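Structure, as structure tokens:
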Amino acid sequence: MSEEAKSETGSDFIREIVSRDMETDKHSGTVRTRFPPEPNGYLHIGHAKSICLNFGIAAEANGECHLRYDDTNPSTEDVEYVDSIRNDVRWLGWDWGENEFYASDYFEQMYLYAVKLIKKGKAYVCTLSPEEFKEYRGIPTKPGKESPWRNRPIDENLDLFERMKKGEFQDGEYVLRAKIDMASPNIHMRDPAIYRIKHASHHRTLDKWCIYPMYDFAHCIEDSIERITHSICTLEFEVHRPLYDWILNELEVECHPQQIEFARLNLTYTVMSKRKLLELVKNQYVVGWDDPRLPTISGLRRRGYTPEAIREFCRRVGVTKFNSYTEIELLEYCVREDLNKHALRVMGVLDPLKIVIENYPDGKTEMLDAVNNPEDPSAGIRKVPFSRELYVDSDDFMENPPKKFFRLTPGNEVRLRYAYFIKCHKIIKDMKTGKVIELRCTYDPDTLGGQAPDGRKVKGTIHWVSAKHCLDVEARMYDRLLTQERLDEVDENKDFKDYLNPKSMQVIRCKVEPSLAETKAGAHYQFERKGYFFVDPVDSKPGTPVFNQTVSLKDAWAKIQKKGS
RNA sequence: UGCCGGAUGGUGUAAUGGUAGCACAACAGACUCUGAAUCUGUUUGUCCUGGUUCAAGUCCAGGUCCGGCAACCA
């Protein structure tokens with residue numbers, strides 16, 4: 001790895017192993033990794049960490065990273081997942097060229113390897129029922145006992161395995177086991193099952209097979225066939241490593257990849273397990289796998305996260321063997337950082353309060369210049385219509401303001417962004433509720449453009465839209481999925497769904513400037529002083545965009561208020 | 001009671017026997033036609049007890065605590 005790449009990416013214990021192997025020419029200088037998802041769910045931000053690790057390491061070393069579907073269990077897998085995974089990895093910005101593979105591509109070879117193991121006397125067909133199997137295995141602190149079928153003659157094993165393959169038996173009737181050591185302190189070495197009977201149609205091989213290899217048997221073979229150099233996986237596979245190595249040694253393969261384990265990503269205030277995500281989707285707690293509240297890649301995409309932000313996040317969380325929780329604030333920081341540079345600014349009023357500028361001529365409209373992105377002068381300027389009746393955000397007015405409130409209050413002058421200084425002199429309230437429903441204001445015509453010729457200053461600048469010209473649109477305001485920071489610290493008697501945030505999505509109607517009528521699905525905006533919004537690609541229609549709030553802007557005033565209360 | 005890992009501020013991570021650093025968060029302040037961004041500053045840390053060493057977050061010994069492992073899932 002070059003020094004430059006190091007400083008960009010940082011290093012970690014896995015990259016150090018890879019670098020050392022490069023220096024010692026361990027794999028004749030090549031690096032080949034793989035991202036091996038099982039197509040039984042959608043990818044989430046935790047997968048993104050693994051993707052960035054595997055593809056990143058390969059890219060830095062001028063090697064390659066394979067996209068390989070680990071599709072050895074047809075009963076949970078589906079092409080919908082295959083397609084979504086491919087799409088998500090590509091969207092994140094990675095390229096695997098021709099190297100898209102499937103474990104199922106190797107079923108024939110795996111079968112032959114299993115036969116080889118049987119012939120070596122290292123595998124046998126076991127007739128124990130699943131219950132007996134479990135009983136014989138023992139518990140971590142006590143050794144298991146050997147199956148009565150353990151010493152079945154090789155010929156009989158061969159015959160039985162052949163008949164398993166031919167479909168002569170029911171699911172669960174027989175299983176092929178590796179013959180290792182029932183007394184091993186490592187449970188995975190106690191004659192693990194390596195092939196089971198499953199009369200299920202596979203999304204690729206259809207009904208060709210009714211026996212399928214187990215993960216431990218399949219995965220190392222897949223890696224070996226693809227000549228993977230570094231097989232990177234998560235910590236829970238650490239105890240599987242002896243089995244990974246045992247199988248490849250017994251198979252006497254040429255290529256024996258090195259398995260390296262790292263800690264999976266945990267994020268506060270969300271769920272990160274496929275099982276829980278599936279439950280939320282299937283039982284319609286959310287609208288789908290791409291619900292913007294979910295930490296799935298497709299959900300984040302629909303929320304308005306960018307690939308750049310997600311990759312930067314993955315870079316910042318680092319890679320270790322320490323089981324940790326990353327604060328969701330870091331993810332939010334990363335997307336703000338990216339969107340601040342690239343999102344066009346517009347004005348949008350989320351909770352409209354009508355104001356009338358009494359000394360502004362009725363029927364007059366001025367087109368005022370507004371900057372599209374102060375971080376990027378090349379983004380240019382646009383025209384925003386100004387007229388006598390406007391909307392401002394309710395938050396920006398207080399009848400009886402506390403000390404540090406410097407927005408609109410009775411008698412206090414504020415600036416309307418890109419427009420004029422105004423002053424409020426009359427409040428109109430709903431007779432029944434007492435709620436403020438309209439403000440009567442006056443403007444200073446000499447302050448056009450936001451500066452007073454006499455040099456007087458105003459402390460506050462607020463955003464607005466012209467009532468006559470604005471668009472009335474839907475916006476979805478998203479908040480964290482869970483009310484609980486860490487799911488591993490909750491009451492064990494409770495279900496994680498008890499901690500679903502009832503306010504994780506609030507749909508509102510808001511008023512936005514008319515330029516947004518021309519927007520297209522998938523565009524990012526900053527509603528000034530409010531947050532970043534994304535034009536929903538699913539529900540937006542030409543002329544009537546729907547906005548998803550990606551993340552709010554940081555809000556110093558909210559903090560001051562919080563402290564005061 | 002078995003095996004495999006792990007432990008550095010609130011959070012994440014660096015330091016590979018030689019000044020405990022960075023980022024997020026928090027808190028101050030500066031600036032500001034976004035209470036944003038930007039800039040400046042501040043607070044907070046090596047699990048414990050011994051040992052080796054001129055020098056230990058790092059090496060050694062013993063402990064403590066935490067995570068993972070007992071699908072014919074991956």
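Since the structure is predicted, the reported quantities are computational estimates derived from the model, not experimental observations. Chain letters run A, B, ... following the sequence lines, proteins first and then strands; every chain starts at 1.
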Tell me if a side-chain donor or acceptor on [X] pairs with a main-chain N or O of [Y] at a distance below 3.5 Å.
X: A:Glu226; Y: A:Asp223; answer: no
X: A:Asn157; Y: A:Ile118; answer: no
X: A:Glu173; Y: A:Gln170; answer: yes

Can you check whether [X] has a side-chain N or O nearer than 4.0 Å to OP1 or OP2 of [N]?
X: A:Ser184; N: B:C3; value: no
X: A:Lys559; N: B:C27; value: yes
X: A:Thr320; N: B:U13; value: yes
X: A:Arg264; N: B:G6; value: no
X: A:Tyr325; N: B:U11; value: no
X: A:Lys554; N: B:A25; value: yes

Inset, instruction - Have a look at B:A55 and give me syn or anti from its glycosidic angle (syn if within 90° of zero). - result: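 Anti, angle beyond 90° from zero.
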
Heavy atoms under 4.0 Å, any strand shown: does [X] hit a base, just sugar-phosphate, or nothing?
X: A:Tyr136; value: nothing
X: A:Glu261; value: nothing
X: A:Arg190; value: nothing
X: A:Arg241; value: nothing
X: A:Leu128; value: base
X: A:Glu327; value: base

Inset, instruction - Under a 3.5 Å limit for both distances, which nucleotide forms a Watson-Crick or G-U wobble pair with B:U32, could you say? - result: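 Here B:U32 is not engaged in any pair, so there is no nucleotide opposite it.
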
Inset, instruction - May I ask which nucleotide in the shown strands pairs with B:A37, Watson-Crick or G-U wobble, both distances under 3.5 Å? - result: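 Its partner is none (no Watson-Crick or G-U wobble pair with both distances under 3.5 Å).
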
Inset, instruction - Determine whether A:Phe217 and A:Leu176 make a side-chain contact, defined as any pair of heavy atoms from C-beta on separated by less than 4.5 Å. - result: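 No. Closest side-chain heavy atoms not under 4.5 Å.
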
Inset, instruction - Could you work out which one of B:G35, B:A70, B:A23 sits closest to the side chain of A:Arg407? - result: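 From the listed options, B:G35 comes nearest.
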
Inset, instruction - Please determine, by modelled atom types, if A:Arg264 and A:Thr234 share a side-chain donor-acceptor pair under 3.5 angstrom. - result: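 Side chains of A:Arg264 and A:Thr234: no pair found under 3.5 Å.
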
